[in-house]
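Below: the structure, in structure tokens.
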2 protein chains.
Amino acid sequence: MLGAMIEARHLRVLRAVAATGSFSAAARDLGCTQPAVSQQMKALEQSTGTPLLIRTGREMRLTEAGEALVRHAAGILAGLTAAEEEIAAIAGLRAGRVRLVSFPSGSSTLVPTALAEMRAAHPGTQISLVEAEPPRSVEMLREGDCEIALAFRYPDVRGADPAAGAEWDDLVVRPLLTDRLIGVVPEGHRLAGAERIGIGELEQEPWIAGCPRCRRHLVEVCESAGFTPRIDFATDDYPAVFGLVGAGLGVAVMPELALESVRPKGARTVPVEPVVHREIVALTLPDLARVPAVAAMLDRLVAAAHR
Amino acid sequence: MLGAMIEARHLRVLRAVAATGSFSAAARDLGCTQPAVSQQMKALEQSTGTPLLIRTGREMRLTEAGEALVRHAAGILAGLTAAEEEIAAIAGLRAGRVRLVSFPSGSSTLVPTALAEMRAAHPGTQISLVEAEPPRSVEMLREGDCEIALAFRYPDVRGADPAAGAEWDDLVVRPLLTDRLIGVVPEGHRLAGAERIGIGELEQEPWIAGCPRCRRHLVEVCESAGFTPRIDFATDDYPAVFGLVGAGLGVAVMPELALESVRPKGARTVPVEPVVHREIVALTLPDLARVPAVAAMLDRLVAAAHR
DNA sequence: TCCGAGCATAAGACAGACTTGGACTCGTCG
DNA sequence: CGACGAGTCCAAGTCTGTCTTATGCTCGGA
């Protein structure tokens, strides 16, 4: 069905024959036996339907059609090796592009170090970074708009909650690190100097929540402690959370990781009980996990998290 | 041994997959089944050593390496079809070149008509013509300087002369026509008005011979008639022969074919006995005889000879 | 005249390609 | 919510193509 086409194999042999002027010499160049060359040329002549070589006792010459084919073969085989080299460069991490999507507090600490190490190890690779919160970042991953998505998930609060991270069944999930939620209260708050705070002690306070998923999780944690938090404000922006808390407008919890890069102005941070963990993971598609540049970047992220 | 290379077959399939976005659609385009496409892509990914496609449930996307390969494949496959088309043009007589070598009296009559018909039938072909006498023309044929050589041979004069045309054993010999040698005597010669001349009647005359082979054959013919001709002049140029004969410097024999294009000034032509034939043939190499343009030109030559 | 080099051919081993048939997943429609 | 269609992968069988070894042939040179 697809057998009447010229194959690259044939052109390589033809080129060797044209270059050396004999089947035996071509066979030596190609590292095979002389009958192999002979048969390849016969097959090529059959597929083109016209003689390509003239066997004249002493020497092997090309017909006009043979010369035309050799002329084309030069360009075709050059393109083929160029393609192989470009692929090899990507596979060998001398080239390659990784588009990374991260949530804000991850990109401020974890990503920069991983990215720096990646660039140092494989200067040819190009890593791009875009910020997006988990629901959107996973969507981008599935739609091919990025290769790696940094996301986080909370463990199930009350026993079996199948929807916690179950939507990642078909993804590769590389755990990076686990951080805790830290309470944030105004400087003058009655609990500002406490060693730790029980979450129930904040039952009556107004709350300032984070992103939708963080907010949902906050509600779950509070409800399992016996109350429903009154949420007055919600914002993704951690400095804004500090500002609101510092202005006495409420209390909040915040990932420990976010504290590394944001200065708590007018607010105090206090560990809360029960300890609530947030697991930060890197996500990618199974096929993409086998792409060298993606795998290397994933390893760098894991390394950066364990440092 | 040669198995780690990218084959054109793979690129055709990859291109179809990239164009259609699915294995099944690509299979329909290519006229094969879906598992065939699936296996080809697996083989290609193995030979490149890196994933090229991402299978994400709904749709089939390319990795960076896959996109690079598709980009190269466009040029490679374009070159391949260009090569196939050029070969097809040569095979289909829409193109092609035939270099013809002829001896002088053949090119003046036979070749022009054959050449005109060839051009009319296959306008894309290019026929070139060079003149050379038989020993040299066959040499050119063997050395690849032409595709067809027009030559002539004389039948054996005395029984078995193995060297007559035996050097053409490895060539394709297409007989075109047979002409006779005609005697040429001065206008005032005692035999100028004869019906025919026995060769023996010219025993005492000085002779004007032609090319080396013609001369050798003349000697053979005369010797088999019982005498050795006294050759005073030898020239390839038929008008010159007529001039010499017309000036009374001797007698000659000349191929009948040559008389068609040369005006006998001051000389008379008379048939000689015994009748001596000269066979005009077209020669080519066995492999070249299968080249369409060469085969077509040979057929035109045969047709022109029989007209 | 013999010998070495080179090509063609035959036969067998082997890999690759294509097919059929079947199971699984996913999105969709009734 | 189950059925269905589309799409993919997997397993096995067939078939073609490719490579090898072994052998015969031709040609040019010693």
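Hydrogens, waters and symmetry mates play no part in the numbers below; they use all other heavy atoms, side chains included. All chains are named by letter (A, B, ...) in the order of the sequence lines, taking the proteins before the strands, and each is independently numbered beginning at 1.
The side chain to side chain donor-acceptor pair (under 3.5 Å) test with B:Arg153 singles out one residue from B:His217, B:Glu279, B:His277, and that residue is B:Glu279.
Within the nucleic acid shown, A:Thr33 comes within 4.0 Å of at least one base atom, counting heavy atoms only.
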Can you tabulate the close N/O pairs, meaning under 3.5 Å, that link protein atoms to atoms of nucleotides 10-13 of chain D?
residue, atom, partner, partner atom, Å
D:dC10, OP2, B:Lys42, NZ, 3.1

Restricting both atoms to N or O, compile the protein contacts to nucleotides 1-5 of chain C shorter than 3.5 Å, with distance only.
none

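Between B:Gln40 and C:dC18 there is a side-chain N or O to OP1 or OP2 distance below 4.0 Å. Dashed line: the shortest gap from a side-chain N or O of B:Arg9 to OP1 or OP2 of C:dA17 is not under 4.0 Å. In this structure, A:Ser38 does not reach the C:dC7 phosphate: none of its side-chain N or O atoms is under 4.0 Å from OP1 or OP2. At the phosphate of C:dG16, neither OP1 nor OP2 sits under 4.0 Å from any side-chain N or O atom of B:His10.
Applying the salt bridge (charged side-chain N to carboxylate O under 4.0 Å, His left out) test to residues at least two apart or on different chains, the pairs with a partner in residues 30-46 of chain A are A:Glu45-A:Arg55. A salt bridge (charged side-chain N to carboxylate O under 4.0 Å, His left out) check over residues 289-299 of chain A, counting only residues at least two apart or in different chains, returns the pairs A:Arg174-A:Asp299, A:Asp287-A:Arg290. Within the structure, side chain to side chain donor-acceptor pair (under 3.5 Å) contacts touching residues 60-70 of chain B (residues at least two apart or in different chains) are B:Glu59-B:Arg61.
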Extract all donor-acceptor atom pairs below 3.5 Å that involve side chains of residues 92-101 of chain B and protein atoms in other chains or at least two apart in sequence.
residue, atom, partner, partner atom, Å
B:Arg99, NE, B:Glu147, OE1, 3.1
B:Arg99, NE, B:Glu147, OE2, 3.3
B:Arg99, NH2, B:Gly144, O, 3.2
B:Arg99, NH2, B:Glu147, OE2, 2.6

Output a table of donor-acceptor pairs, distance under 3.5 Å, between side-chain atoms of residues 27-35 of chain B and any protein atom two or more places apart or on a different chain; print 'none' if there are none.
none

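Summarising the geometry, the separation between CZ on A:Arg55 and C1' on C:dT9 is reported as 13 Å, rounded to the nearest angstrom. Residue A:Met41 contributes atom CE, which lies 18 Å from atom P of C:dG6 at whole-angstrom precision. Computed from coordinates, the B:Leu30 CG to C:dT19 C1' distance equals 15 Å when rounded to whole Å. Atom CE in B:Met5 sits about 16 Å away from atom C1' in D:dT18, given to the nearest Å. Rounding to whole angstrom units, CD1 of residue A:Ile54 and P of C:dA8 are separated by 13 Å. Rounded to an integer number of Å, the gap from CE of B:Met60 to P of C:dT25 is 17 Å. For the pair B:Leu53 CG and D:dT8 C1', the computed distance is 13 Å after rounding to whole Å. If you measure from atom CD of A:Gln46 to atom P of D:dT16, you get 13 Å, rounded to the nearest angstrom.
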Nucleotide pairing, DNA chain C (Watson-Crick or G-U, distances under 3.5 Å), in dot-bracket with [ ] and |
||||||||||||||||||||||||||||||

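Contacts with DNA chain C (heavy atom under 4.0 Å) in residues 17-26 of chain A: A:Ser22, A:Phe23, A:Ser24, listed by number.
Under the side-chain hydrogen bond (donor to acceptor under 3.5 Å, both in side chains) criterion, B:Arg71 pairs with A:Glu86, not counting sequence neighbours. With sequence neighbours excluded, the residues satisfying side-chain contact (heavy atoms from CB on, under 4.5 Å) with B:Ala8 are A:Glu7, B:Arg12, B:Leu80. With sequence neighbours left out, the salt bridge (Lys or Arg N to Asp or Glu O under 4.0 Å) criterion links B:Arg136 to B:Glu139.
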